[in-house]
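Step one of this worksheet: look at the structure below.
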There are 2 protein chains.
Amino acid sequence: MSNLTKLKHEFTKSSDFLVALGDQKRQAIIVALLDPQVIHRGLQVTDLVDVTGLSRPAVSHHLKILKNVQLVDYRREGTKNFYYLTHQTKAIDQLKTLLDHVMETMICNQNL
Amino acid sequence: MSNLTKLKHEFTKSSDFLVALGDQKRQAIIVALLDPQVIHRGLQVTDLVDVTGLSRPAVSHHLKILKNVQLVDYRREGTKNFYYLTHQTKAIDQLKTLLDHVMETMICNQNL
DNA sequence: TTTCTTGGTTCAATATTTTAAACGATTATA
DNA sequence: TATAATCGTTTAAAATATTGAACCAAGAAA
């Protein structure tokens with residue numbers, strides 16, 4: 001398989017993740033969850049509603065997208081769902097690899 | 001300025017770039033331009049129309065988005081516009097920095 | 001049990017993005 | 001000078017994403 005074909009696959013694999021990260025509302029959710037004060041116990045949906053100023057269904061929707069790319073997960077406590085960032089950095093690593101490959105290809109062929 | 005505030009700014013700065021990279025049609029354009037055969041002279045809009053199967057206005061639209069995030073630029077030759085990937089890796093570096101900071105924050109606070 | 005809190009889902013409305021048709025401008029070619 | 005090729009833009013349509021209202025379910029509290 002050619003390098004270019006591999007790159008194409010890497011792009012496709014990172015596509016959902018890129019889209020998930022690009023949205024500013026979701027970025028706000030991620031940043032809220034990155035807070036050292038909350039990074040372990042996570043935040044409830046209602047907390048995120050307060051932080052982001054979005055409606056609950058909107059927050060719920062964005063959380064689902066973030067969960068699909070395995071950036072967040074949640075833990076149930078009674079009626080409350082605590083959302084937290086997964087420590088799984090696979091998607092991030094994948095994206096970093098892609099960026100490295102793109103740069104490599106760009107720079108490798110720069111002076112041919 | 002707190003780390004979290006910095007992260008928020010980095011997210012915002014990379015937002016357009018993330019969105020630009022997330023779209024599969026634009027990914028196809030980028031991959032086509034990454035081909036060692038064309039990475040120097042670039043490709044005309046009509047070539048990209050053939051490669052992607054999109055209409056010319058659609059290609060033109062996506063090229064504008066890619067140009068806005070300074071991932072591509074073009075060179076005029078007569079009536080032809082040759083689009084090529086800029087060798088400017090600023091946006092990529094910025095995104096990599098952001099990803100590193102996110103991972104750092106995630107992992108640093110992991111065992112508190 | 002009844003009531004309240006929490007939060008997911010559905011569905012319709014809204015907003016945004018993407019697309020193509022039509023047009024115009026520029027340059028090359030006949 | 002015509003004619004053809006290349007490409008950007010505008011505008012309206014189509015597709016997609018986002019949102020909120022309304023509803024339902026599960027668990028906690030009274």
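For clarity, every value in this text was computed on a predicted model and none was experimentally measured. Within every chain, numbering begins at 1; the chains are lettered A, B, ... in the order of the sequence lines, protein sequences first and strands thereafter.
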Give the rounded distance in Å between these two atoms: [atom1] of [X] and [atom2] of [N].
X: A:Phe82; N: C:dG8; atom1: CZ; atom2: C1'; answer: 17 Å
X: B:Asn81; N: D:dC7; atom1: CG; atom2: P; answer: 6 Å
X: A:Gln27; N: D:dT18; atom1: CD; atom2: P; answer: 13 Å
X: B:Asp73; N: D:dG8; atom1: CG; atom2: P; answer: 12 Å
X: B:Leu66; N: C:dT18; atom1: CG; atom2: P; answer: 11 Å

Kindly point out which of [options] is positioned nearest to the side chain of [X]?
X: A:Pro57; options: C:dT18, C:dT9, D:dT9; result: C:dT9
X: A:His62; options: C:dT19, D:dT19, D:dA26; result: D:dT19
X: B:Leu54; options: C:dT19, C:dA21, D:dA26; result: C:dT19
X: B:Lys80; options: C:dT26, D:dC7, C:dG8; result: D:dC7
X: B:Ser55; options: C:dT18, D:dT19, C:dA20; result: C:dA20

TODO: Mark yes or no for whether B:Thr89, through its side chain, and B:Ile92, through its backbone, hold a donor-acceptor pair below 3.5 Å.
DONE: no

What does [X] touch in the nucleic acid at a heavy-atom separation under 4.0 angstrom: a base, only the sugar-phosphate, or nothing?
X: B:Arg76; value: nothing
X: B:Thr46; value: sugar-phosphate
X: B:Tyr83; value: sugar-phosphate

Task: side-chain N/O B:Lys25 vs C:dT17 OP1/OP2, d < 4.0 Å - done: no

TODO: May I ask you to verify if any side-chain N or O of B:Ser60 is less than 4.0 angstrom from the OP1 or OP2 atom of D:dC7?
DONE: no

Extract all donor-acceptor atom pairs below 3.5 Å that involve side chains of residues 20-29 of chain B and protein atoms in other chains or at least two apart in sequence.
| unit_1 | atom_1 | unit_2 | atom_2 | d |
| --- | --- | --- | --- | --- |
| B:Asp23 | OD2 | B:Lys25 | N | 2.9 |
| B:Asp23 | OD2 | B:Arg26 | N | 3.0 |
| B:Arg26 | NE | B:Ala20 | O | 2.9 |
| B:Arg26 | NH1 | B:His62 | ND1 | 3.0 |
| B:Arg26 | NH2 | B:Val19 | O | 3.2 |
| B:Gln27 | NE2 | A:Phe11 | O | 3.2 |
| B:Gln27 | NE2 | B:Leu21 | O | 2.9 |

- [ ] State whether the distance check finds a donor on one side and an acceptor on the other, under 3.5 Å, for side chain A:Arg56 versus base C:dG8.
- [x] yes

Open item on the list: Could you check whether any side-chain heavy atom of B:Lys13 comes within less than 4.5 Å of a side-chain heavy atom of B:Leu98, counting everything from C-beta outward?
Closed with: no

Task: Minimum side-chain heavy-atom gap A:Leu63-A:Lys67 below 4.5 Å - done: no

- [ ] Could you tell me which non-hydrogen atom of A:Leu34 sits nearest to which non-hydrogen atom of A:Ile39, and how far apart they are?
- [x] O-CD1, 3.9 Å

